[in-house]
Amino acid sequence: MTLLSEDQSSRPQPCRLPDPGKHSGGPPLQPSPDRPGSRDDYMDSTEAGVFGAVEPPRRSRGRLVLHGLVMFGREFCYAVEAAFVTPVLLSVGLPRSLYSLVWLISPILGFLLQPVIGSASDHCRSAWGRRRPYILTLGILMLLGITLFLNGDAVIAAVVGDRSSRSTWAIVVVMLGVVLFDFAADFIDGPIKAYLFDVCSHNDKERGLHYHALLTGLGGACGYLVGAMDWGHSVLGRLLGSEYQVIYFFSALTWSVFLTVHLFSIPEQPLAKDPSERCPSSALRLLGSHCNGYGALAKDPAPSGPPSAGADLRPRSFSALGEANSVTSSAKQPNKEAQKRMTFRSLLKAIVDMPAHYRCLCVSHLLGWTAFLCNMLFFTDFMGQIVYNGNPYAEHNSTAYATYERGVEVGCWGLCINAVSSALYSYVQRFLLPYIGLKGLYFMGYLVFGLGTSLIGLFPNVVATLALCSVFGVMSSTLYTIPFNLIAEYQREEEEQLKLQRSRKTPRGSGMDCAALTCMVQLAQIIVGAGLGALVNAAGSVVVVVLSASAVSLLGCIFISLFIRYVY
């Protein structure tokens with residue numbers, strides 16, 4: 001039950017309690033005699049330097065769907081990038097030994113800057129809100145990047161007359177577009193999730209993340225479906241000039257419309273300009289036990305004494321970030337001294353000093369994403385060169401190049417199967433969870449992917465390859481859900497231990513642990529970008545890409561079985 005009226009709930013919600021003994025007026029706050037421990041709770045809140053925001057109003061299903069449509073547009077464009085980056089780069093003349101380096105620049109920038117930008121959005125004081133200015137800026141960069149990526153060759157052909165330098169300039173422009181798009185698309189996910197957490201109650205966060213996951217799968221499927229169509233001989237293809245221009249038209253239109261809808265879906269309250277701004281007096285009545293979590297409403301006082309073993313009857317969450325949103329850094333308002341200490345060096349030190357089971361989870365996540373990216377980023381090229389025996393370096397009007405393009409289109413159908421199977425497997429996981437647990441699901445995802453990709457590499461048949469594309473979805477769903485749910489369970493255990501010990505120690509922040517997992521994705525992309533091109537050049541065949549993905553995934557299986565802590 002909220003204690004704010006409708007017009008009050010529209011006011012800026014984040015606020016901070018005054019320091020004890022430093023009130024601007026009125027008597028100092030006193031503990032309520034009918035609520036034991038309320039003074040301790042007050043002291044806990046002030047010692048932490050934060051008072052959580054008042055619970056936001058409940059959001060309708062339509063609002064949450066409109067908010068999640070940005071994930072449809074983002075994944076649509078991501079699918080186009082994943083399907084066509086390697087074919088486009090090879091078609092403009094990039095040497096085979098260098099074609100994986102395009103994935104190297106963006107993750108290096110992301111690995112270094114992502115925590116810094118996330119912290120900056122936490123403290124943004126724009127009148128439009130904390131997250132939306134960053135989302136809009138990154139969205140424009142995404143649009144610019146995909147414009148250069150899909151139209152660079154045509155633009156250079158129209159502008160540069162010298163045939164010898166045309167190829168060089170085309171490579172530069174296309175690579176610039178890929179790096180810019182990849183950088184912005186990777187960074188925009190954090191502010192989008194933080195935006196959802198800021199404007200929704202706990203139950204609505206769960207529902208919102210469910211719609212995000214569903215729309216992400218649908219967006220990827222539609223993106224790969226558009227790439228699988230033969231637009232070159234269609235009316236749109238003749239009207240716009242080429243197949244790539246048609247795909248760009250659909251991508252730019254989808255992203256522009258859904259980004260605009262997202263930005264106006266749910267109003268975002270700006271961060272208070274004055275750090276000493278007080279909360280409404282009614283909000284002070286919300287002080288309850290700190291066991292409710294940051295930003296939670298006061299609940300009826302629980303009976304005194306240690307909790308029973310069966311007291312926690314909450315079902316385990318299976319949304320992408322699940323219960324990890326209750327103590328995220330975006331829900332806290334750190335004081336000025338803490339803000340000064342928030343540097344990349346301090347964040348990196350916190351990651352290094354994390355408990356051993358968190359560090360092992362990061363290593364397994366790194367192995368999983370390395371295997372997944374090895375396969376996904378070069379799968380359409382594998383289909384064009386190995387399965388269909390095409391040649392991306394042949395003349396564009398030759399049979400060999402047409403065969404390669406056909407293989408890329410069929411590869412898009414395979415990636416579409418991957419997106420659909422990922423969404424379906426997310427629901428299957430719920431039924432398997434009671435029987436094999438989170439660690440069992442984690443192990444099974446890596447094992448199925450490793451065996452499936454090995455069969456694809458050893459027996460590159462069209463029908464078998466398309467059928468085995470469903471294992472990509474199993475791995476995708478595993479990587480997007482299981483590690484974050486393991487973090488949520490680890491932190492739930494730690495919070496329960498602190499309650500049992502009656503410790504005043506602040507629990508670990510989920511935001512830091514989720515950021516560490518995200519950094520592993522960037523690091524995996526750096527490893528793939530730095531090493532895979534040289535490996536393909538040494539082996540002389542793209543089949544080594546799929547076999548490498550299988551080997552790393554099976555290595556991840558062994559690591560999970562030995563080092564990932566089981567959650568009861």
Side-chain angles (χ1 to χ4, degrees), residues 75-92 94 96 99 146 149-154 174 178 181 217-254 375-422 453 456-457 459-473 476 542-543 545-546:
E75 202 64 22
F76 187 102
C77 296
Y78 246 147
V80 170
E81 184 205 33
F84 288 100
V85 162
T86 302
V88 169
L89 285 172
L90 294 181
S91 68
V92 296
L94 186 71
R96 178 184 294 178
Y99 78 155
I146 202 167
F149 155 50
L150 288 175
N151 298 288
D153 189 21
V174 171
V178 172
F181 173 85
L218 291 175
C222 290
Y224 291 126
L225 190 61
V226 168
M229 300 290 186
D230 182 10
W231 297 105
H233 300 90
S234 66
V235 175
L236 274 176
R238 290 191 293 270
L239 181 64
L240 297 177
S242 74
E243 181 179 21
Y244 291 150
Q245 271 69 59
V246 176
I247 294 171
Y248 167 72
F249 169 75
F250 283 114
S251 301
L253 180 64
T254 302
N375 182 73
M376 294 297 292
L377 297 182
F378 306 98
F379 179 72
T380 53
D381 182 52
F382 169 81
M383 287 291 291
Q385 291 197 55
I386 303 301
V387 179
Y388 272 79
N389 297 313
N391 183 7
Y393 297 105
E395 292 294 330
H396 286 200
N397 57 354
S398 65
T399 304
Y401 186 79
T403 305
Y404 176 79
E405 280 195 322
R406 178 58 184 163
V408 170
E409 291 173 359
V410 175
C412 289
W413 282 108
L415 295 178
C416 183
I417 294 172
N418 148 66
V420 173
S421 65
S422 176
T453 48
I456 289 174
F459 307 102
N461 175 269
V462 177
V463 176
T465 300
L466 288 177
L468 289 170
C469 282
S470 57
V471 305
F472 303 166
S476 172
V542 189
V543 73
V545 171
V546 178

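None of these values were measured; they are calculated from a predicted model.
Paired with Leu466 under the rule side-chain contact (heavy atoms from CB on, under 4.5 Å), one option of Val462, Val463, Leu468 passes, and it is Val462. Of the candidates Thr403, Val408, Leu90, Asn391, Gln385 forms a side-chain contact (heavy atoms from CB on, under 4.5 Å) with just one, namely Leu90.
Considering every non-hydrogen atom in both Thr380 and Ala82, the closest pair reads OG1-O, 4.2 Å. Taking all atoms of both residues into account, the shortest heavy-atom contact from Gln245 to Ala154 is NE2-CB, 4.0 Å. Residues Leu89 and Val92 approach most closely at O-CG2, 3.1 Å, considering heavy atoms. The nearest pair of heavy atoms linking Asn418 to Met376 is ND2-CE, 3.5 Å. A pairwise comparison of heavy atoms in Val387 and Asn461 identifies CG1-C, 4.3 Å as the closest pair. Residue Ala221 comes nearest to Ala419 through the heavy atom pair N-CB, 3.5 Å, listed as atom of the first residue, atom of the second, then distance.
Between Val545 and Phe379 there is no side-chain heavy-atom pair separated by less than 4.5 Å. In this structure the side chain of Phe181 reaches within 4.5 angstrom of the side chain of Tyr78, judged on heavy atoms. Ile247 places a side-chain heavy atom less than 4.5 Å from the side chain of Ser251. Annotation: side chain of Val420 is not in contact with side chain of Tyr224 (no heavy-atom distance under 4.5 Å). Using a 4.5 Å heavy-atom cutoff, the side chains of Ser91 and Tyr401 are in contact. Considering only heavy atoms from C-beta on, Val85 stays 4.5 Å or farther from Leu377 through its side chain. Phe382 has its side chain within reach of Ile456: a pair of non-hydrogen atoms, C-beta onward, lies under 4.5 Å apart. Within the 4.5 Å cutoff, no side-chain heavy atoms of Arg406 are placed close to those of Met383.
Of the inter-residue distances, the one linking Glu243 atom CD with Glu409 atom CD reads 5.0 Å to the nearest 0.5 angstrom. Note that OH of Tyr248 and CZ of Phe149 are 12.5 Å apart. Values are rounded to the nearest 0.5 Å. For the atom pair CG (Leu225) and SG (Cys412), the distance works out to 9.5 Å, reported to the nearest 0.5 Å.
Among residues two or more places apart in sequence or in another chain, the salt bridge (charged side-chain N to carboxylate O under 4.0 Å, His left out) test is passed with Glu405 by none.
The aromatic rings of Phe250 and Trp231 sit tilted, their planes meeting at an angle between 30° and 60°.
For the residue pair Asp381 / Tyr404, a side-chain donor-acceptor distance below 3.5 Å is found, with atom types taken as modelled.
A donor-acceptor pair is defined here as one N or O able to donate and one able to accept, closer than 3.5 Å; no such pair exists between the side chain of Ser422 and the backbone of Ser476.
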